[in-house]
**Q** 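Pasting a structure below so you can have a look.
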Amino acid sequence: MRPAKRKCGTSGFESNEETILKKVKNMTKLRKQKPAKDNSNEKQQQEEYHCWLMKSEPESRIEKGIDMKFGIEDLMAQPNQTACWDGVRNYQARNFMRTMKIGQRAFFYHSNCKEPGIAGIVKIVKEAYADHTQFDEKNPHFDSYSSQDNPRWSMVDVQFIRRLKRYISLSELKKLHLNHKTSEGPLKNMALFTRARLSVQPLTQGF
DNA sequence: GCCAACGTTGGC
DNA sequence: GCCAACGTTGGC
């Protein structure tokens, strides 16, 4: 059954900046700190992240004959407005996906496009499992070193929740980030800037 | 284990 | 389309 398309809810991002900041602050706050151990390079395992940012390209780009386009509208058009997040080929991004739990939320970020920025919110509806595209020779993300017995790459399923009431562009986020670096604001450690090239990331850096 | 060369990401 | 940043590969 396909649920009726959601309207942009009234609980959405308001159009004023204060409320956006409050929201981000709240989402950031949900990050839970496990009891600290002294081994600092285990930090990533010690810390549980609850809110994510996942990048996808909303504009057509052909790679080995396959269109990489997958914007938020493409997600909305899927059955159940749900899609698997295949194609991640970076270990850190993969590892983050492997820690994702059902029900957690992520910002859907539009990358490599005219106006990069956050377009909407999705939720994790299936936890990490093998990414089938790694076994498909015709797929741009085929990995000949991976095996069915021991798959190297994982993916999760995400479901559309809603668009943001207004698109939050990268340039706006960057301004906030720069301000927050001096004012100790909530976007001070936003991974979008501290780990710019990661395609799957927790909202704020702590790793 | 170092690090140069190479490949990819993604803003601009 | 350029290219900076940075992750990966592989020679040594």
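Chain naming here is simple, since letters A, B, ... match the order of the sequence lines and numbering starts at 1 in each. What's counted below: heavy atoms across the whole structure, side chains too, no hydrogens, waters or symmetry copies.
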**Q** Using the ring of A:Y129 (Phe, Tyr or Trp, six-membered ring only), decide whether A:K126 places NZ or CZ under 6.0 Å from its centre and within 45 degrees of its axis.
**A** yes

**Q** Please set out all donor-acceptor pairs under 3.5 angstrom arising from side-chain atoms of residues 107-119 of chain A, sequence neighbours excluded.
**A**
unit_1, atom_1, unit_2, atom_2, d
A:H110, NE2, A:I72, N, 3.0
A:N112, ND2, A:E57, OE1, 3.4

**Q** For A:D149 and A:S147, which I'm curious about, is there any donor-acceptor pair between the side chains at under 3.5 Å?
**A** no

**Q** Does any pair with a residue in residues 65-87 of chain A pass salt bridge (charged side-chain N to carboxylate O under 4.0 Å, His left out), and if so which ones, sequence neighbours excluded?
**A** A:K69-A:D74, A:E73-A:R163

**Q** Starting from the C-alpha separation in whole Å, work towards a yes-or-no answer on ring-ring contact (aromatic ring centres under 6.0 Å, His included) for A:Y145 and A:W153.
**A** CA-CA 11 Å; A:Y145 296 105; A:W153 304 109; over 10 Å; no

**Q** Could you work out, with side chain to side chain donor-acceptor pair (under 3.5 Å) as the rule, every residue matching A:E184, not counting sequence neighbours?
**A** A:K188

**Q** Mind checking which stems touch DNA chain C? I mean at least 3 consecutive Watson-Crick or G-U pairs, both distances under 3.5 Å.
**A** B:1-12 with C:1-12

**Q** Please name all residues satisfying salt bridge (charged side-chain N to carboxylate O under 4.0 Å, His left out) with A:R94, sequence neighbours left out, ordered by chain then number.
**A** none

**Q** A:Y145 or A:N90: which one's nearest nucleotide on DNA chain C is closer to the 5' end?
**A** A:N90

**Q** Collect all protein-nucleotide pairs involving nucleotides 6-12 of chain B in which both atoms are nitrogen or oxygen and the distance is under 3.5 Å.
**A**
unit_1, atom_1, unit_2, atom_2, d
B:dT8, O2, A:R197, NH2, 2.7
B:dT9, O3', A:R197, O, 3.4
B:dG10, OP1, A:K55, NZ, 2.9
B:dG10, OP1, A:R197, O, 3.0
B:dG11, OP1, A:Y109, OH, 2.7
B:dG11, OP2, A:N112, N, 3.0
B:dC12, OP1, A:K174, NZ, 2.3

**Q** Any donor and acceptor pair, going by atom type alone, linking the side chain of A:S56 with main-chain N or O of A:F70 inside 3.5 Å?
**A** yes

